[in-house]
Amino acid sequence: MNPRRVRILKSAVSALSGPVVYWMSRDQRAEDNWALLHAQQQAVSTKQPLVVVFCLVPDFLQATLRQYGFMLRGLMETFAELERKNIAYRLLVGQPEEVLPGFLAQLQASLLVTDFDPLRIKRQWKAKLLARLTIDCHEVDAHNIVPCWIASPKLEFAAYTLRPKLKKLLPEFLEQFPPLERHPYPLAQVATPLPEVETVLAGLNIDRSVGEVDWLQVGAQAALLRLHQFLQDGLDDYGVNSNDPLLDRQSQLSPYLHFGQLSAQRTALEVLRHDGPVQQTEAFLEELIVRRELADNFCCYNPDYDNPAGFPAWAQQTLSDHLGDLRSYSYTAAEFEQATTHDPIWNAAQRQMVKTGKMHGYMRMYWAKKILEWSASPRQAMQTAIYLNDRYELDGRDPNGYAGIAWSIGGVHDRAWSERQIFGKIRYMNDKGLRRKFTIDRYCERFAAE
DNA sequence: ATCGGCTCGCGCAA
DNA sequence: TGCGCGAAGCCGAT
């Protein structure tokens with residue numbers, strides 16, 4: 001494996017023997033996972049058992065039953081796969097920095113490997129954990145194709161500044177995965193039985209009012225199946241109709257990618273192997289690679305990725321110039337949440353999200369821009385949009401979500417446009433555009449109030 | 001239907 | 001220092 005995928009977070013005077021532990025967090029799959037492959041490589045070279053541990057945090061950024069259910073069902077499938085590979089697994093409940101040190105001590109682990117995540121809370125967990133850690137710790141970017149810190153050492157201005165950097169590095173990093181091997185050194189401790197999802201869910205103090213969805217299957221196998229369906233009947237006209245919110249021409253892969261049930265690199269490799277039309281393939285890879293890795297870059301290098309202080313200077317200036325503008329409509333977060341605005345298109349988009357856990361990508365822009373237009377301030381608008389996105393979307397709490405909302409409300413990765421009320425020079429969108437391009441009334445009917 | 005202007009700043013060429 | 005150009009748009013002119 002390319003050693004540039006690994007960062008040494010801690011180099012302690014380590015024990016020479018003891019199991020290698022992979023703290024799985026962002027990349028919840030067994031195959032196609034560079035962090036797990038690295039951990040296995042380390043364990044094999046020192047002839048040690050390999051243990052995968054997942055820390056279940058009972059109140060993660062207000063996640064609901066919808067996200068916990070999707071995640072845990074996928075995780076159980078991953079655990080079963082690990083078992084077949086003779087790799088031990090543990091599900092711990094609690095804050096990572098509190099439960100992991102004791103767990104590692106009890107196991108007498110020699111090395112901790114974890115996956116990379118640019119989000120604030122994950123970095124706080126890691127910082128606190130490192131302070132208490134007495135063994136080596138390695139971090140592997142198992143989510144991006146080009147490791148985030150290699151792709152760029154700084155905050156990128158827009159897609160066009162990151163794109164050439166990625167292009168140059170893809171030949172090095174977009175390589176085939178080796179298979180996960182059956183691990184030759186078993187853990188001496190007795191294997192724990194596979195936890196029951198319902199039991200684990202019942203033990204969590206989470207919001208159950210946002211229910212699970214049943215329109216897409218959960219887990220790594222289902223993700224690969226969906227990918228191959230998309231290659232068969234979606235990719236060849238991708239970009240032609242994929243912006244139309246009435247046609248289901250999106251790949252539907254984002255929930256799997258978000259929870260790491262599917263690897264972006266595997267997706268890219270399969271898309272290239274499919275060898276479809278050049279333009280459509282490029283359009284899809286642009287979203288999968290450039291846009292996704294740009295969102296990681298944004299969250300990694302901008303500590304204010306979820307509030308207006310993270311907007312570019314021109315955008316902060318122009319929005320503040322228009323803070324006093326009259327709002328023709330002004331809604332609270334609760335009114336937005338209930339989908340009771342005056343705009344049937346906006347309400348339909350909101351209901352699509354509440355009902356299905358996945359708003360159409362094109363509608364997400366319109367949805368967020370209208371929240372800006374109908375909120376008391378950009379700060380309030382950011383809060384509302386992030387609250388709703390994280391609460392209802394299956395792919396909430398993802399850098400893509402934060403970057404997308406910041407693009408819509410704060411001109412992040414965008415440029416200035418004609419000045420107007422409230423928006424200032426932030427790119428404007430209205431329903432006329434939607435009506436011009438799509439038969440948007442049918443979208444409203446599909447997601448009409450019950 | 002199509003087209004240019006709107007407007008900012010990065011990155012590269014010179 | 002100048003210049004080209006950029007995720008998804010809008011608007012008015014032709």
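Below, chain A is the first sequence line, B the second, and so on; all start at residue 1. All of these numbers come straight from a predicted model, not from anything done at the bench.
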Side chain of [X] only, please: which of [options] is the nearest?
| X | options | answer |
| --- | --- | --- |
| A:Phe157 | C:dC11, B:dG9, C:dG9 | B:dG9 |
| A:Tyr160 | C:dG9, C:dC11, B:dG9 | B:dG9 |
| A:Arg427 | C:dA8, C:dG6, C:dC11 | C:dA8 |
| A:Ala159 | B:dT7, C:dA7, C:dC11 | C:dA7 |
| A:Tyr428 | C:dA7, C:dG9, C:dC11 | C:dC11 |
| A:Asn430 | C:dA8, C:dG6, C:dC11 | C:dC11 |
| A:Met365 | C:dA8, B:dC8, B:dG11 | C:dA8 |
| A:Trp407 | B:dC10, C:dA8, C:dG9 | C:dA8 |

Specify the separation, in whole Å, of atom [atom1] of [X] and atom [atom2] of [N].
| X | N | atom1 | atom2 | result |
| --- | --- | --- | --- | --- |
| A:Trp417 | B:dG9 | CH2 | P | 15 Å |
| A:Lys425 | B:dC6 | NZ | C1' | 10 Å |
| A:Lys165 | B:dC10 | NZ | P | 12 Å |
| A:Ile426 | C:dA8 | CD1 | P | 14 Å |
| A:Asp414 | C:dA8 | CG | C1' | 9 Å |
| A:Leu155 | B:dG9 | CG | P | 14 Å |
| A:Lys432 | C:dG9 | NZ | P | 15 Å |
| A:Arg420 | B:dT7 | CZ | C1' | 14 Å |

[atom1] atom, [N] versus [M]: distance in rounded Å?
| N | M | atom1 | answer |
| --- | --- | --- | --- |
| C:dG9 | B:dG9 | P | 23 Å |
| C:dA7 | B:dC12 | P | 15 Å |
| C:dA8 | B:dA1 | P | 22 Å |
| B:dT7 | C:dG12 | P | 15 Å |

query = Do the two ring centres, one from A:Tyr238 and one from A:Phe230, sit under 6.0 Å apart?
reply = yes

inquiry  = Just N and O in the side chain of A:Lys437: are any of them under 4.0 Å from OP1 or OP2 of C:dA8?
reply    = no

message = Looking at A:Lys154, I'd like to know whether one of its side-chain N or O atoms comes within less than 4.0 Å of OP1 or OP2 on B:dG11.
response = yes

request  = Check A:Lys122, A:Arg26, A:Arg291 against A:Asp296 for a salt bridge (charged side-chain N to carboxylate O under 4.0 Å, His left out) and give me the one that passes.
outcome  = A:Arg26

key: Base paired to C:dC10 (Watson-Crick or G-U; both N/O distances under 3.5 angstrom)   = B:dG5

note = Pairing partner of C:dT1, by Watson-Crick or G-U wobble and under 3.5 Å for both distances, is B:dA13

task = Using the ring of A:Trp149 (Phe, Tyr or Trp, six-membered ring only), decide whether A:Arg7 places NZ or CZ under 6.0 Å from its centre and within 45 degrees of its axis.
result = yes

query = NA contact type, A:Trp314, heavy-atom cut-off 4.0 Å: base, sugar-phosphate, or nothing?
reply = sugar-phosphate

inquiry  = At 4.0 Å (heavy atoms only), tell me whether A:Arg436 reaches a base, stays on the sugar-phosphate, or touches nothing.
reply    = sugar-phosphate

query = So, does the side chain of A:Arg291 form a donor-acceptor pair with the base of C:dA7 at under 3.5 Å?
reply = yes

Nearest atoms (heavy-atom pairs only) where A:His274 meets A:Asp236 = NE2-OD1, 3.1 Å

query = So does A:Glu97 pair up with A:Lys126, basic N to acidic O under 4.0 Å?
reply = no

message = What I want to find out is whether A:Lys425 reaches A:Asp321 closely enough, with some N-O distance under 4.0 Å, to be called a salt bridge.
response = no

Validation row: A:Ile345, A:Arg435 side chains within 4.5 angstrom (heavy atoms) = yes

